[in-house]
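Following this message is one structure expressed as structure tokens.
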Amino acid sequence: MVLPHGPQTAGDCQIVYELDREAVERAAEYGTLEDEIQRQKTHISTLPNDSEEDDRSSDTRGSQVGTDYKYLEWTTPVEELCPNPGQLPRGVIEVVDPFRWGNTKKNVTLALCCASTFVAAYTAGAYTSGLAQMEVEWNMERVPLLVGVTCYTTGFAIAPMFLAPLSEVYGRRNVFLASYILFTVCTLACALTDNYAGMLVARIFLGVGGSTFSTLCGGVISDIYHAEFRGFPMACFSTVALFGTGAGPLVSGFIAEYMNWRWIHWVQLIFNAVLLVAAAIWFKETRGSVLLIRRAKALNKYLDEHCHEGVDPATEKGSLRVRWKVKAEEERAGLSQMVRVSLTRPFHLLFTEPVVFFFSLWTAFSWGILYLFLQGVPLVFQTSHKFTISQVGSVFTSMCIASFLALGLNSLVEGSARRFMPQAKGPETRLYASCTLGALLPIGMFWFGWTSFPSQHWILPTCAVGAVTIGIFSVYLAVFNYFADTYHRYASSALAAQSFCRNMLAGFFPLITDAMYHRMTFQGASSFLGGVGLMLSIIPWVLVVYGDRIRRRSKFASEIMEV
């Protein structure tokens, strides 16, 4: 907090004060802004005036012990931490700001995040390849078994609202590893279960564990990369999410054709166990505030044992007991308050912010199309081209290739925009790729539908799947970047809203695919979905033209624009 100059009586401070900006922003994120302002006003108004300070100094002069509380920052010089800096333990010195990590450590962390995101997406797509064998083993129809996909995405949609606040209090690493253990145990349960109900329960908790990898990893990237260097890591993160969704049915299709369906989950279990060990060894804590709090606690413990004696520079008598504390810990809302806000604010934004609502609708539809392919591709290719399970899995190669192609095309569009439109500014510059490449989503759906005839070569609808994937990637990445630039401290809530909608709708689409494609025909159903996608593709164009005006009407976005 920055105090005004001059006399600091209670009367003066009621008129002139400047609030701690960082504290206010943090309080606003968790709905405690009014409490934070009142706390800071009270703190200022109760400061003693000059005469009171003199009286207190005279009373305490000559007394033996005082406590000097100081705020620890990453920029605090080491020589201030202890009278003998050379004696500080390595545990205190080596705890550094994650933004200042070396490239090797950052790359290892990014690789672990991407690998974890890959396995979460892989698990979603791999499940469907074993449905034919489960139908025979459990004497069930295909549609009820597809509820396993819905259960997985439901866990994905709900769990982050509880896990995100936990990661801010207990650290990213603890939540990450706990989720990984749950994810691995539930994969084992999927491999061993011998009934339908057990599979559904296992899939729900599998989604809870896997949700961490798609939500927490985005926060990890924000912890270690500054905004200007965050674009490529976030693009890699988005790429592996789509690549994994395609790789799931690609690999498991061959497993299901030549082995028992349980081996789909056994293979995942082996891969998960290897990554869990790697994460336990190399994944380090990235949450800056959590690391700083740990450093302060370790430092205080060391000072209590070795360096607590010192001379009070103000009185030159007695001794001072130095204690370090972290401002973020004092200003952070309670865990119950954080969970409450995490559960309510996303829906408040969803139904009061048109940008959040329509963007959530757009990305939810695009993600629904991605999961529709998990059922639609086998249906079309087995019916029209008599493909086997492994051949159907091979079709998803186009999704994997398109994921990396989308990464290159997206970078090309953004680079061209910066070169030819240097005057363009604001969050709307994040939408140029979605305006252009996003059109491939409806185009690809029309393409997929009208090349689904048996007389058409199988490569044509296969390429259409790739085109749709590129469109989905541009939508997915645009939503992340636009919300981050538009809502700043409310971005996590806005992203949570779209994530909830995206995963809930994604789990619903496979359940209706069979009925839709049989009743409306392959061409009619794909054309209908292409038409919906065409209407939704107008959203980024509207924001490019009217985005500034819309943001100024927004309660949350306009507040940030005025800061």
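Only this structure's heavy atoms are used, side chains among them; waters, hydrogens and symmetry mates stay out.
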Review point. Can you check side chain to side chain contact (heavy atoms under 4.5 Å, CB included) on F243 and F473, steps first, answer last?
Key: CA-CA 10 Å; F243 179 82; F473 177 91; over 6 Å; no

Point to revise | Nearest-0.5 Å distance, OG of residue S434 to CG of residue N481 | key: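 So the OG of S434 and the CG of N481 are separated by 10.0 Å.
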
Review point. Would you say N410's side chain and A406's backbone share a donor-acceptor pair under 3.5 angstrom?
Key: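 The answer is no, because no donor-acceptor pair under 3.5 Å joins these two groups.
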
Review point. Distance from D223 atom CG to F99 atom CZ, nearest 0.5 Å?
Key: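 If we round to the nearest 0.5 Å, D223:CG and F99:CZ are 6.5 Å apart.
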
Check your understanding: Got a donor-acceptor contact below 3.5 angstrom from the K106 side chain to the Y225 backbone?
Key ->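 Answer holds: no.
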
**Study point:** Spatial distance of atom CG (L409) from atom CD (E414) [nearest 0.5 Å]
**Key:**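 Answer for the CG-CD pair, L409 versus E414, is 11.5 Å.
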
Practice item. Heavy atoms only: give me the nearest S474-L437 pair and the separation to one decimal. Key: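 Closest heavy-atom pair between S474 and L437: OG-C, 3.7 Å.
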
Point to revise | Approximate separation, where rounding is to 0.5 Å, of L182 CG and S179 OG | key: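 That separation rounds to 7.0 Å.
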
Point to revise | Cation over ring face, R430 and Y482, 6.0 Å, 45° | key: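 The answer is no, since R430 fails at least one limit relative to Y482.
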
**Study point:** T128/L146 under side chain to side chain contact (heavy atoms under 4.5 Å, CB included): CA gap, chis, key distance, verdict
**Key:** CA-CA 7 Å; T128 57; L146 282 168; 4.2 Å; yes

Check your understanding: Should the ring pair F522 and Y517 be called parallel, tilted or perpendicular, given that the plane angle runs from 0 to 90° and is split at 30 and 60?
Key ->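 Answer is tilted, since the angle falls between 30° and 60°.
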
**Study point:** M445 and V468, any side-chain heavy atoms less than 4.5 Å apart
**Key:**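 Of all side-chain heavy-atom pairs linking M445 with V468, at least one is under 4.5 Å.
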
Review point. In this structure, are over 12 heavy atoms from other groups packed under 6.0 Å from F528 atom CZ?
Key: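 No, the 6.0 Å shell around CZ holds no more than 12 heavy atoms from other groups.
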
Check your understanding: For P98 and L291, which heavy atoms make the closest approach, and how far apart are they?
Key ->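 Taking P98 first and L291 second, the nearest heavy atoms are CG-CD1, 3.5 Å.
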
Review point. Does I224 offer a backbone N or O that forms a donor-acceptor pair with the side chain of T286 under 3.5 Å?
Key: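 No, the answer is negative, given that no donor and acceptor are paired below the 3.5 Å cut-off.
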
Review point. Where is the tightest heavy-atom contact between A467 and L440, given as atom of each residue plus distance?
Key: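 For A467 and L440, the tightest heavy-atom pair comes out as O-CB, 3.4 Å.
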
Practice item. Check whether any side-chain heavy atom of F237 lies under 4.5 Å from a side-chain heavy atom of C113, and answer yes or no. Key: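 Side-chain contact under 4.5 Å: no.
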
Check your understanding: Any idea which heavy atoms bring T150 and G507 closest together, and the distance?
Key ->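 For T150 versus G507, the nearest heavy atoms are OG1-O, 2.6 Å.
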
**Study point:** Single hit among T486, I538, V355 for side chain to side chain contact (heavy atoms under 4.5 Å, CB included) with L543
**Key:**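 Going through the options one by one, the only one that passes is V355.
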
Review point. With a 4.5 Å limit on heavy-atom distance, are the side chains of L529 and M516 in contact?
Key: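 The answer is yes, as the side chains (C-beta and beyond) meet within the 4.5 Å cut-off.
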
Practice item. Report yes or no: does R173 contribute a side-chain atom to a donor-acceptor pair with the main-chain N or O of F283 at less than 3.5 Å? Key: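 The answer is yes, because a donor-acceptor pair under 3.5 Å joins these two groups.
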
Review point. Are side-chain heavy atoms of I221 and M234 found at a separation under 4.5 Å?
Key: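 Yes, close enough: below the 4.5 Å cut-off.
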
Point to revise | Approximate separation, where rounding is to 0.5 Å, of L477 CG and I472 CD1 | key: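 One finds 13.5 Å between CG of L477 and CD1 of I472.
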
Exercise for review: Any chance you could lay out the side chain to side chain contact (heavy atoms under 4.5 Å, CB included) test for M399 and L370, step after step, and finish with the verdict?
Suggested key: CA-CA 10 Å; M399 186 177 292; L370 182 69; 3.7 Å; yes

Review point. Would you say the ring centroid of F213 lies under 6.0 angstrom from that of F176?
Key: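 Yes, ring centres under 6.0 Å apart.
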
Exercise for review: Using the side chain to side chain contact (heavy atoms under 4.5 Å, CB included) rule, take K284 and V108 through it: C-alpha gap first, then chi angles, then the decisive distance, then the call.
Suggested key: CA-CA 10 Å; K284 307 301 180 183; V108 169; over 6 Å; no

Review point. According to the interplanar angle, ranging from 0 to 90°, do the rings of Y371 and W367 count as parallel (below 30°), tilted (30 to 60°) or perpendicular (above 60°)?
Key: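 Correct class here is tilted.
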
Practice item. Please confirm whether the backbone N or O of T344 pairs with a side-chain atom of H348, one donor and one acceptor, at under 3.5 Å? Key: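 No.
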
Exercise for review: Examine F500 together with F347 and report whether their ring centres are nearer than 6.0 Å.
Suggested key: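 Here the rings of F347 and F500 have centres that are less than 6.0 Å from each other.
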
Check your understanding: So how far is it from I470 CD1 to L242 CG, rounded to the nearest 0.5 Å?
Key ->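 So the gap between those two atoms works out to 10.5 Å.
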
Review point. Does some side-chain heavy atom of L441 sit less than 4.5 Å from a side-chain heavy atom of S537?
Key: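 S537 vs L441: side chains apart.
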
Exercise for review: State, yes or no, whether a side-chain contact exists between L505 and F508 at a heavy-atom distance under 4.5 Å.
Suggested key: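 Side-chain contact under 4.5 Å: yes.
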
Review point. Parallel, tilted or perpendicular: which fits the ring planes of F156 and Y152, with parallel below 30° and perpendicular above 60°?
Key: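 Correct class here is tilted.
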
Review point. Under a 4.5 Å cut-off applied to non-hydrogen side-chain atoms, are R502 and S499 in contact?
Key: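 R502 reaches S499 side chain to side chain.
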
**Study point:** Pair S526, W450: side-chain N/O donor-acceptor within cut-off below 3.5 Å
**Key:**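 W450 and S526 do not have a side-chain donor-acceptor pair below 3.5 Å.
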
Under 3.5 Å, which donor-acceptor pairs link side chains of residues 357-364 to any protein atom two or more places apart or in another chain?
from : atom 1 : to   : atom 2 : distance (Å)
S360 : OG     : V356 : O      : 2.6

Practice item. Could you pull out the closest heavy-atom pair between A417 and Y432, with the gap in Å? Key: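 Shortest heavy-atom contact: CB-CD1, 3.4 Å.
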
Review point. Mind checking whether I459 and C463 have side chains closer than 4.5 Å, heavy atoms only?
Key: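 Yes. Closest side-chain heavy atoms under 4.5 Å.
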
Point to revise | Non-hydrogen atoms of G246 and F396 that approach each other most closely | key: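 Taking G246 first and F396 second, the nearest heavy atoms are O-CB, 3.3 Å.
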
